[in-house]
Amino acid sequence: MSVSTISEYEFGGRCATVALTFGLPILLYGFAFDCNDSTGCPAFPPSEEFKEGLSGLFDFKVLVAVLAYYLLTLGLWRVLPAQEVHGTKLVHHDRALKYRLNALKVTSVYLLFCGIGTYTHGDNFFLWTYIADHYVQIYTTSLLISYILSLYLYTSSLTVDTQYPNRALRELAPAGNTKSPFYNFFIGRELNPRATLPFFGEVDFKSWCGMSPGLTGWLLLDLAFMAKQYRNYGFVSTSMLFVTAIQSYYVLEGQYNEVGFLTMRDITTDGLGFMLVFGDLVWVPFLYSTQTRYLATYPTPMSGTQLCGLSLCFVVGLYIFRASNGQKIFFRTRPDESRVVSLSYIKTRRGTKLLTSGWWGVARHINYVGDWLQSFPFCLATGLAGYVVTSAGGGMAAG
């Protein structure tokens with residue numbers, strides 16, 4: 001059985017995906033340049049990195065350092081003990097792919113190393129200063145990696161045997177087999193691309209990118225900006241502690257429940273293209289660390305009432321997100337259990353089941369509501385009036 005080409009497009013169609021592919025990276029550059037130590041927030045006049053042009057965006061030594069981080073992360077994934085589990089059964093095969101899960105252990109090794117480094121060298125630990133001093137170059141390198149990996153994945157997808165079933169258990173994603181090559185590049189043409197690499201063995205790119213380098217990188221960026229705030233002011237503000245704490249919990253709890261990722265749409269339905277690669281490796285770590293980057297220079301204070309209110313918002317969001325996803329996972333993996341056997345559902349064209357009661361009777365994507373509630377405190381902790389501009393004498397003035 002082969003798969004025919006479809007003509008339905010998501011994300012606004014072909015033109016919109018071109019805009020997203022090149023526009024989102026520019027947007028992140030805008031965020032990077034909009035606030036900085038020397039010219040305030042918003043940056044006026046433009047930062048030195050911006051005035052220097054392309055030469056200030058890329059550094060070959062930073063490229064080597066970032067590649068070393070990716071290789072080390074992949075190496076830790078291979079050598080550390082891991083839970084090996086099967087995902088959901090593939091649509092065109094009677095089997096499921098096996099996954100190697102140990103993202104939390106990989107992150108724990110990094111945190112142990114950084115903890116020792118911080119204990120011995122304090123806020124001047126080389127990793128913290130390196131990240132803060134080369135933030136834009138690290139972002140540029142990560143962006144280049146996402147483009148190159150996406151191009152490789154698209155090219156590799158052209159070799160998928162569409163006469164199902166096939167020996168390699170390779171399948172095309174339902175939405176990634178259109179008449180538009182660029183759209184396929186963006187949305188992801190192959191469902192679960194894998195490669196066998198020297199020393200590392202077989203690597204599932206989607207699960208590894210989704211749970212390891214980007215999430216761990218986000219946590220390291222946050223900690224680097226916390227150290228930078230201490231270098232700048234000699235203290236760590238309550239807002240910095242709060243944001244770093246809840247974002248760290250978000251990362252570590254997600255990696256702890258890594259097996260749940262295998263039941264999500266990212267794994268079961270979406271192909272691996274630029275959308276997911278850029279999102280995992282660039283958008284998540286560099287956008288979501290914006291708050292701590294801002295607080296490193298502008299340590300907005302938080303009252304006890306504000307701290308309690310934002311904590312409550314985060315806890316409620318976390319509960320909704322985990323409870324709804326847990327119900328979905330339980331339904332898919334143990335559908336005959338009493339807690340889910342009475343839940344109503346509908347069948348899709350692909351033969352999968354979508355819950356229409358319980359948490360999923362409240363809203364089609366109730367888990368997103370929980371995710372939004374979790375993320376609101378990330379931003380609210382930075383304050384609502386944080387603009388600072390440089391005066392003629394070079395000092396900072398609060399707006």
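FYI, the numbering just counts along the sequence from 1. These numbers come from a predicted model, not from an experiment.
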Above 12 or not: heavy atoms from other molecules or residues under 6.0 Å from [atom1] of [X]?
{"X": "Y119", "atom1": "OH", "value": "no"}
{"X": "F125", "atom1": "CZ", "value": "yes"}
{"X": "F60", "atom1": "CZ", "value": "no"}
{"X": "H86", "atom1": "NE2", "value": "yes"}

>> Classify the ring geometry of Y368 against H365: parallel below 30°, tilted from 30° to 60°, perpendicular beyond 60°.
In response: parallel
Heavy-atom donor-acceptor pair, [X] side chain to [Y] backbone, under 3.5 Å:
{"X": "N177", "Y": "R189", "result": "no"}
{"X": "H93", "Y": "Y164", "result": "no"}
{"X": "K228", "Y": "W128", "result": "no"}
{"X": "K206", "Y": "D266", "result": "yes"}
{"X": "T297", "Y": "Y294", "result": "no"}
{"X": "N257", "Y": "G260", "result": "no"}
{"X": "T17", "Y": "F186", "result": "no"}
{"X": "Y183", "Y": "C15", "result": "no"}
{"X": "D371", "Y": "N367", "result": "no"}
{"X": "R100", "Y": "W77", "result": "yes"}

For the hydrophobic clusters of this structure (ILVMFWY residues joined by side-chain heavy atoms under 4.5 Å, transitively), does one cluster hold both [X] and [Y]?
{"X": "V282", "Y": "F22", "answer": "yes"}
{"X": "W372", "Y": "V251", "answer": "yes"}
{"X": "F200", "Y": "L72", "answer": "yes"}
{"X": "L74", "Y": "L76", "answer": "yes"}
{"X": "L67", "Y": "V203", "answer": "yes"}

Less than 4.5 Å apart, any side-chain heavy atom of [X] and any of [Y]?
{"X": "D270", "Y": "I187", "value": "no"}
{"X": "S108", "Y": "Y110", "value": "no"}
{"X": "F278", "Y": "L28", "value": "yes"}
{"X": "Q291", "Y": "Q247", "value": "yes"}
{"X": "M264", "Y": "K328", "value": "yes"}
{"X": "L219", "Y": "P285", "value": "no"}
{"X": "N192", "Y": "Y99", "value": "yes"}
{"X": "L221", "Y": "Y135", "value": "yes"}

>> So, applying ring-ring contact (aromatic ring centres under 6.0 Å, His included) with Y139, which one of F31, Y29, F33 is it?
In response: Y29
>> Using the ring-ring contact (aromatic ring centres under 6.0 Å, His included) definition, which of the options Y256, W218, F314, Y288 pairs with Y250?
In response: W218
> Do L27 and W283 pass the side-chain contact (heavy atoms from CB on, under 4.5 Å) test, and can you show the C-alpha distance, the side-chain angles, and the key distance before you say yes or no?
Replying inline: CA-CA 10 Å; L27 178 64; W283 188 258; 4.0 Å; yes
Is there a donor in the side chain of [X] and an acceptor in the side chain of [Y], or the other way round, less than 3.5 Å apart?
{"X": "T196", "Y": "E202", "answer": "no"}
{"X": "T300", "Y": "T382", "answer": "no"}
{"X": "T244", "Y": "D222", "answer": "no"}

> Do T73 and S212 pass the side-chain hydrogen bond (donor to acceptor under 3.5 Å, both in side chains) test, and can you show the C-alpha distance, the side-chain angles, and the key distance before you say yes or no?
Replying inline: CA-CA 8 Å; T73 304; S212 201; 5.6 Å; no
>> Taking the six-membered ring for Trp, are F182 and F274 closer than 6.0 Å centroid to centroid?
In response: no
> Looking at the rings of Y130 and F126, which for Trp means the six-membered one, are their centres under 6.0 Å apart?
Replying inline: no
>> Any carboxylate oxygen within less than 4.0 angstrom of a Lys/Arg side-chain nitrogen, looking at E253 and R322?
In response: yes
> Can T21 and M275 be said to form a side-chain contact (heavy atoms from CB on, under 4.5 Å), step by step?
Replying inline: CA-CA 8 Å; T21 300; M275 177 185 71; over 6 Å; no
> How far apart are the C-alpha atoms of S239 and S237, what are their side-chain angles, what is the distance that settles it, and do they pass the side-chain hydrogen bond (donor to acceptor under 3.5 Å, both in side chains) test?
Replying inline: CA-CA 5 Å; S239 54; S237 67; 3.0 Å; yes
>> Test side-chain hydrogen bond (donor to acceptor under 3.5 Å, both in side chains) on T159 and R170; report intermediate values, then the result.
In response: CA-CA 10 Å; T159 65; R170 299 177 69 186; 3.1 Å; yes
Distance, nearest 0.5 Å, that separates [atom1] of [X] from [atom2] of [Y]:
{"X": "L281", "Y": "Y70", "atom1": "CG", "atom2": "OH", "answer": "4.0 Å"}
{"X": "F205", "Y": "L276", "atom1": "CZ", "atom2": "CG", "answer": "14.0 Å"}
{"X": "M240", "Y": "T292", "atom1": "CE", "atom2": "OG1", "answer": "5.5 Å"}
{"X": "K89", "Y": "D94", "atom1": "NZ", "atom2": "CG", "answer": "7.0 Å"}
{"X": "L101", "Y": "S207", "atom1": "CG", "atom2": "OG", "answer": "7.0 Å"}
{"X": "F58", "Y": "L143", "atom1": "CZ", "atom2": "CG", "answer": "11.5 Å"}

> Does R78 make a cation-pi contact with F199 (under 6.0 Å, within 45 degrees of the axis)?
Replying inline: no
>> Is there a side-chain contact (heavy atoms from CB on, under 4.5 Å) between Q255 and T216? Walk through the geometry before answering.
In response: CA-CA 9 Å; Q255 291 181 331; T216 304; 3.5 Å; yes
> Stepwise, does the side-chain contact (heavy atoms from CB on, under 4.5 Å) test hold for L295 with V243?
Replying inline: CA-CA 9 Å; L295 290 171; V243 172; 4.0 Å; yes
